[in-house]
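Written out below as C-alpha cells is the structure these notes cover.
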Protein chains: 2
Amino acid sequence: MHHNRTFTIRQLTKEFEVTARTLRFYEDEGLIAPERRGQTRIYSGRDRARITLILRGRRVGFSLAEIREILDLYDQHHDRGVAQTLHARKKFEEQLHKLERQKVDIEESLGELHRAIAAIDQAMAEGVPTAPSVEAHRIEQHHPHRHAAE
Amino acid sequence: MHHNRTFTIRQLTKEFEVTARTLRFYEDEGLIAPERRGQTRIYSGRDRARITLILRGRRVGFSLAEIREILDLYDQHHDRGVAQTLHARKKFEEQLHKLERQKVDIEESLGELHRAIAAIDQAMAEGVPTAPSVEAHRIEQHHPHRHAAE
DNA sequence: GGTGCCGTTTACGTGAACGTCAAGTGATGA
DNA sequence: TCATCACTTGACGTTCACGTAAACGGCACC
C-alpha cells in the first residue's frame with residue numbers, strides 16, 4: 001500500500017489551488033480532520049480524497065452544508081442500521097436529481113452560447129448585423145456600487 | 001405579434017419562484033430595466049427573457065456580475081464596432097469553456113453518486129456491508145455554529 | 001542571534017445575494 | 001370614505017465562504 005502517503009498543508013494548497021485558510025476552515029466546519037504532529041496538521045490520502053470531493057462539490061454548486069451531509073452519508077451508511085442506509089440512499093438520489101437538473105441548465109446555456117457565437121461569426125462574415133436570439137437593448141445605470149476604476 | 005405581453009412583478013415572482021425583492025435587486029444591479037406606469041414596474045417579454053437567462057445563469061454558477069457582462073454583450077455586439085464584437089466573441093467562448101469544465105465536474109459527481117447508490121443497493125441485497133468508493137470515517141466535531149436543534 | 005520560512009490560533013472584515021422591516025403611494029371594492 | 005391590497009423606496013440585517021491581520025512557536029542556516 002503506497003497509499004499511506006501524507007501531505008503538508010502547503011502541498012495541498014498548491015495541488016488544489018486553495019489557500020491554507022480554506023483548508024483550516026473546512027476543518028473547522030468538520031469536513032476534514034487531519035491528524036496532528038504537535039500543532040501541525042498532517043493530511044492523509046483519505047483527507048486528500050475528501051478535499052477532492054469538497055472542491056468538486058463546490059464547483060457544481062453545492063453549499064458546504066450539503067457537502068458535509070454527503071460526506072457524512074459516505075461515512076455512515078456502513079455500520080449504521082438499515083433505516084440509516086435507506087435514508088442515505090434517498091439523499092444520494094436527491095443530489096443526483098439536483099445535478100441532473102443542473103446538467104440540463106448547463107446544456108441549455110451551452111446552446112445559447114453556441115448560437116450567440118455562430119451569430120457573431122455569420123455577422124462578421126457578411127459584414128452585416130444580424131438579429132440575435134435574445135432580445136434586449138442597452139440598459140443605462142447609475143452605479144454607486146462600482147468603484148469608478150475598473 | 002402576440003409577444004408584446006406585459007407582466008406585473010407578482011406574476012413573475014410566481015412564474016420564476018423568486019421574491020419581488022430579488023427582481024428589484026436585479027434592477028438595481030442593472031440586469032433588467034422594466035418600464036414604469038407611475039411607480040409600478042411593468043415587465044415586458046424582453047425583461048422576462050432576460051430574467052430567464054439570469055436565473056439559469058445563477059443556477060449554473062455564474063455570479064450576477066458575470067451575468068451582467070453576458071447580457072451586456074448580447075446587447076452590445078450589434079451596433080458596436082468590429083473590435084467590440086470580437087471582444088464579445090472571446091468572452092462568449094470563455095463562458096463556454098467554463099461551462100464545459102462544469103459539465104465534466106457534474107458528470108464526475110453523477111458517477112460518484114451512481115456508484116454510491118449501487119454500492120448501497122448491493123450491500124442491502126447481500127445484507128453485508130461493502131467497501132465504499134470514498135474512504136472516510138466519522139468525524140467528530142464541536143460545533144458552536146450549529147443551533148443545537150436540527 | 002537575527003532573519004526567513006512554514007506553521008499555528010484568534011478574531012475581526014468583506015463581498016455577494018438577497019431578507020426583513022418601516023413607512024409611504026395609488027387603485028379598487030364595500 | 002375607509003380599508004385593504006399590491007406596489008414602492010430606503011435602509012439595516014444576515015448568511016456563506018472565506019480574506020486579512022496580529023501575534024506567536026519552531027527550525028534552518030549563516
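In the text below, chain A, chain B and the rest are named by the order of the sequence lines, each starting its count at 1. No experiment lies behind these values; they were computed from the predicted model shown. Just the heavy atoms: all of them, side chains too, but no hydrogens, waters or symmetry mates, feed the values below.
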Run the salt-bridge test on B:Glu94 and B:Lys98 with the 4.0 Å N-O cut-off and return the result as yes or no.
-> no

Starting at atom CD1 of A:Ile9, determine the distance to atom P of D:dG25, rounded to an integer number of angstrom.
-> 20 Å

Hey, which sits more toward the 5' end of DNA chain D by its nearest nucleotide, A:Tyr26 or B:Ile42?
-> B:Ile42

Side-chain N or O of B:Arg36 closer than 4.0 Å to phosphate OP1/OP2 of D:dT9 | yes

Determine whether B:Glu15 and B:Arg48 make a side-chain contact, defined as any pair of heavy atoms from C-beta on separated by less than 4.5 Å.
-> yes

Could you state the atom-to-atom distance from CD1 of A:Ile51 to C1' of D:dC18 in whole Å?
-> 15 Å

Nucleotide D:dA17, atom P - distance to CZ of A:Arg59 in whole Å = 15 Å

With respect to the side chain of B:Arg24, which nucleotide from D:dT8, C:dC18, C:dT9 is positioned closest?
-> D:dT8

Atom-to-atom span, CD of B:Gln11 to C1' of D:dA6 - whole angstrom | 12 Å

Would you please confirm or rule out a distance under 4.0 Å between OP1 or OP2 of D:dT9 and any side-chain N or O of B:Arg41?
-> yes

For B:Thr22 and C:dG19, is the shortest distance between a side-chain N/O and OP1 or OP2 below 4.0 Å?
-> yes

Between C:dC18, D:dA17, C:dT8, which one does the side chain of B:Leu64 approach most closely?
-> C:dC18

For B:Ile54 and C:dA16, what is the distance between atoms CD1 and C1' respectively, to the nearest whole Å?
-> 15 Å

How close or far is atom C1' of C:dA16 from atom CD of B:Glu66, stated in whole angstroms?
-> 12 Å

Distance, rounded to the nearest Å, where B:Phe25 contributes CZ and C:dA16 contributes P | 9 Å

How about A:Leu86 and B:Met124: do any of their side-chain heavy atoms sit closer than 4.5 Å?
-> yes

Side-chain N,O (B:Thr8) to OP1/OP2 (D:dA6) below 4.0 Å = no

Starting at atom CG of A:Leu23, determine the distance to atom C1' of D:dA17, rounded to an integer number of angstrom.
-> 13 Å

Out of D:dA6, C:dC18, C:dC6, minimum distance to the side chain of A:Arg10 belongs to C:dC6

Student check: side-chain heavy atoms of B:Leu96 and B:Phe92 closer than 4.5 Å | no

Side-chain heavy-atom pair A:Leu71, A:Ile54 within 4.5 angstrom cut-off = yes

Residue B:Arg21, side-chain heavy atoms: nucleotide from D:dA17, C:dT20, C:dT8 that is nearest = C:dT20

